[in-house]
Amino acid sequence: MLPKAYEPQEVEKKLAEKWQNAKLFAAKADPTKKPFVIVIPPPNITGALHMGHAFTNTLQDVLIRAHRMYGEDSYWVPGTDHGGIATQNVIEKKLAKEQHKTRHDLGREKFLEVVWEWYHECGNAIFDQFRKMGWALDLSDIRFTMDEKRARAVFECFKQWWEKKYIYRGKRLINWCVRCSTALSDIEVEHLPENGKLWHLRYKGEDGSEGIVIATTRPETIYADAAIAVNPKDERYKNMVGKKVIIPLANRAIPIIADEAVELEFGTGALKITPAHDATDYEVGKRHNLPIMTVINDKGKMINCPEKYNGMDRDVCRKETVKDLDAAGLLVKEEKYNHAVSKCYRCGSAIEPFMSEQWFVKMDELVKPVIKAAETEALKFHPDSWKKPFLNWMTNIQDWCISRQIWWGHRIPVWYCRHCSEKGLTFATDQQGKEQLTKVSFEDGAKPIVSFEKPAQCPHCHGTDLVQDPDVLDTWFSSALWPMSVFGWPEKTPEMAHFYPTSVMVTGYEILYLWVARMVLTGLDFTGKLPFKDVYLNGIVRDKSGQKMSKSKGNVIDPLDMTAKYGTDAVRFSLLMQAVPSKDIPYSEDSITGARNFCNKIYNASRFILMNMEGIKGPLAMPKQAKELADQWILDRYATAIKTAREGIEKYNLALTANTLYHFLWGDFCDWYIELAKQRFQTQEKQYVMALCVNILYNTLKALHPLIPFITEEIAASLRPFVDEKEQFLLNQKYPEFEESLLNEQAVKQMEIVQGVTKEIRTIRSQFNVPPGLKIKVILSADNENELSVVRAQAGYIKLMGKIEDLQIGVNQQKPKQTATATFGKMAIYIPLTGLIDFEKEKKRLEKDIAAAQANIASRQARLSQENFIKHAPQAQIDKTKAELVAAQTLLAQAQAALADLA
RNA sequence: GGGCAGUUGGCGCAGUGGUAGCGCGUCCGCCUCACACGCGGAAGGUCACAGGUUCAAAUCCUGUACUGCCCACCA
């Protein structure tokens, strides 16, 4: 005998291995079939996968599995991402913790070795999770954004864009993360609110006058001030423009200028201009030809400032400066001020706007076809509310800073001849005593040689002393090429020809700009084709109260803990039940138990059917004819469920698919059909009923397989001897088709009567505490035989489901004494309950019925008396309203009669 | 400052132009020979607010409020 509760752990382990060994998920590249392709958003190799991965990848898995079962050549391309700064940070932390070392203690080469080791370790852990989650990824065929082929793709892109002059070097104010010691692109900067302060500082006039008061949040940058700006329309300062004031503590004179950028209402209306440390100021400085002075270096330390502060940390300098200003009587006011501060998206430390020469990609040309694709909806967003933000971002795009001053990543494929580029190259000796190129300046004469490998010699002087650019590329640079590079682009591979473009990109909306936009851009630029036509944006998995999950908050739910506890299917299904496009989902262990219970329900229903299969020889074909109402009804429900389940998949609304199948299997099949079928198990119809049961169950398992692959595969294997199926794996079987011929509106209506009457009877049983085992007598009465035709025909169902011993059906039946009364449609339901009737309860019940009926009658009558309703509403609506009125009137009359009887 | 979502029973969410559903929770009764991870039943909502369109609006439009997110050079 099978255990009573489903135990997923063993089953899942066994099946996960079986699928991989059978190469079930491998690329087929079958030219006779329509390809359906998804490239996985490659997870960063920064550690274990989290709930967000579990969610987005499960969505993809469902699509991939469903389309495979639709008969398409579906292929889900697996891989991981090297994750640039994020990964480097993880390794640095690990080094510090385990060995108390920095990356500089190891040196670049050794550090990279350590990261590569980590990749193999972490990568394997990730692939293990892929397998455990049941994702249809071929684990023998994994890509990595830094492997040889992907590196080739990166180089090809760099080279072509260099030749087209899209890639260029530029010196400008960039976002610098002091902690990560690298430049960042604009979208890698987050603007987070912070409780800061606004300091009002006095800059005295050069002529000894009182000068001007400015407001700033960054007093430590006053040493780099190049001017004070006021709005040209500002009457307060009109006569001061052109005069000079003295920077406090620095004793340097700077001019007062007029610029539109200054807001009249903010602060004092006077703005200090610090071109080297603020983006707005940089622009103002450019307009007025102001000198650029840098007082904070790449480590966040003060430089070029009064001796006292030199070498100080910028935060310390801020405090000291404020203190000294106060002492000098130049601090006019200090007020609390909440404002947005730029933070590094990887480490959270404050971004320093920093003058630096970096590599950029010019965006204006590249972006044009992307905008067109989104506008014409050749590129379609799901939900389409993302179209507008996407276009908005694309139209206002800035050039992309692609160089990062870190070690882990694709090294910029540019070389310099030490002879020819001499003046543009700065070297330093690292802690291992090796000479390293630390800084490249094109302004000072560095001459680039673009090459994948180290060139044998300099093309100009034929010298052989060549060094590679020290920077690496933004991690999103290689990600941008992912939908092409996974197929071996730029090589003309068969995979590229067959699988590209892919079908849909499924990913979180938080990386729409960071990633999706750039894939579209590269795809269109290099292939002229969109890398995918559909973008399905999923939401974020949050905690129970809607908070983002984070380690620091301690509200993280680890998917592997949950799968170990409840089974992978339960975790998957709980996510899918809530998978409405773009919607964040609140998640807690509670949401998994519901899904786990469903899995158990499937298991037990299957177990029950299998138990009753004893002595029956398969295979049993799906019966073509319904023998009775329940059969017609369940076939209709089944067909409808399949139709809706497929619709959900097509519309990327997997919550619809999950909920539909859940309610069909549990609510319709188990609660009603199996219960009704039980009585036929002992009859000659057993073979027929079992054929219907086993086929409907089996097909429902198929329909559920993309969502919960393990339990469905496991059960289907036991059922297979009884159905007409040769294929071992569900994935290779056909997804159930919607069969319109199974729809039976009349059967559904009749069944609704059976269910409705049964429910009324059950309610009364429950209300008057009729012992569950006690069979009762029920009388069904109406004023004409026609109203009773269905219950007469289906009396057996009602007797069974209502636990009725004696069911009398007839026109205008006499109501016995001591009887509970209910109404369904135009039928009166009398249940004689001598000794069990509680008069107060019955009275209350009837009064409630009466009140409801009166309200219904009033609203229906009101509507039907409106001339416009009769004139404009469709006839069906009018008929429906009339029918509802009659039903309400019947209910009222019967309830009132019953109440009168009671008294 | 601009944009986008959301606002539905205690909680979390679905939902279609014809006066509302699901899961969890609550309450009552049941270990009914598949399942107590279960079965049966009940209570509980004027679908944020104000206008408008319509015979009819929770569902469409406009505005307001609140919440969340994204974008943006008010220091």
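Lettering follows sequence order; numbering is per chain, from 1.
Taking the centre and axis of the six-membered ring of A:W400, the NZ or CZ atom of A:R172 falls outside the cone set by 45° and 6.0 Å.
Look at the C1' atom in both B:A56 and B:C13: the space between them is 27 Å, to the nearest Å.
For A:R762 and B:U32, the CZ to C1' distance is 12 Å, given to the nearest whole Å. Spacing between atom NZ of A:K759 and atom P of B:G41 amounts to 5 Å, rounded to whole angstrom units. Here the P atom of nucleotide B:A42 and the NZ atom of A:K848 are 8 Å apart, to the nearest Å. A:K775 has its NZ atom 17 Å from the P atom of B:G40, to the nearest Å. What separates CG of A:D671 from P of B:U32 is a distance of 17 Å, to the nearest Å. A:E675 places its CD atom 14 Å from the P atom of B:G38, with the value rounded to the nearest Å. Between the P atom of B:G21 and the CG atom of A:D668 lies a distance of 16 Å, rounded to the nearest Å.
The 5' end of RNA chain B is approached more closely, in terms of each residue's nearest nucleotide, by A:F608 than by the other of A:F608 and A:E283.
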TODO: Would you sketch RNA chain B in dot-bracket for me? Only Watson-Crick or G-U wobble pairs with both distances under 3.5 Å count, crossing pairs as [ ], other-strand pairs as |, the rest as dots.
DONE: (((((((..((((.......)))).(((((.......))))).....(((((.......))))))))))))....
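The CZ atom of A:F664 sits 15.0 Å away from the CG atom of A:N659 when rounded to the nearest 0.5 Å.
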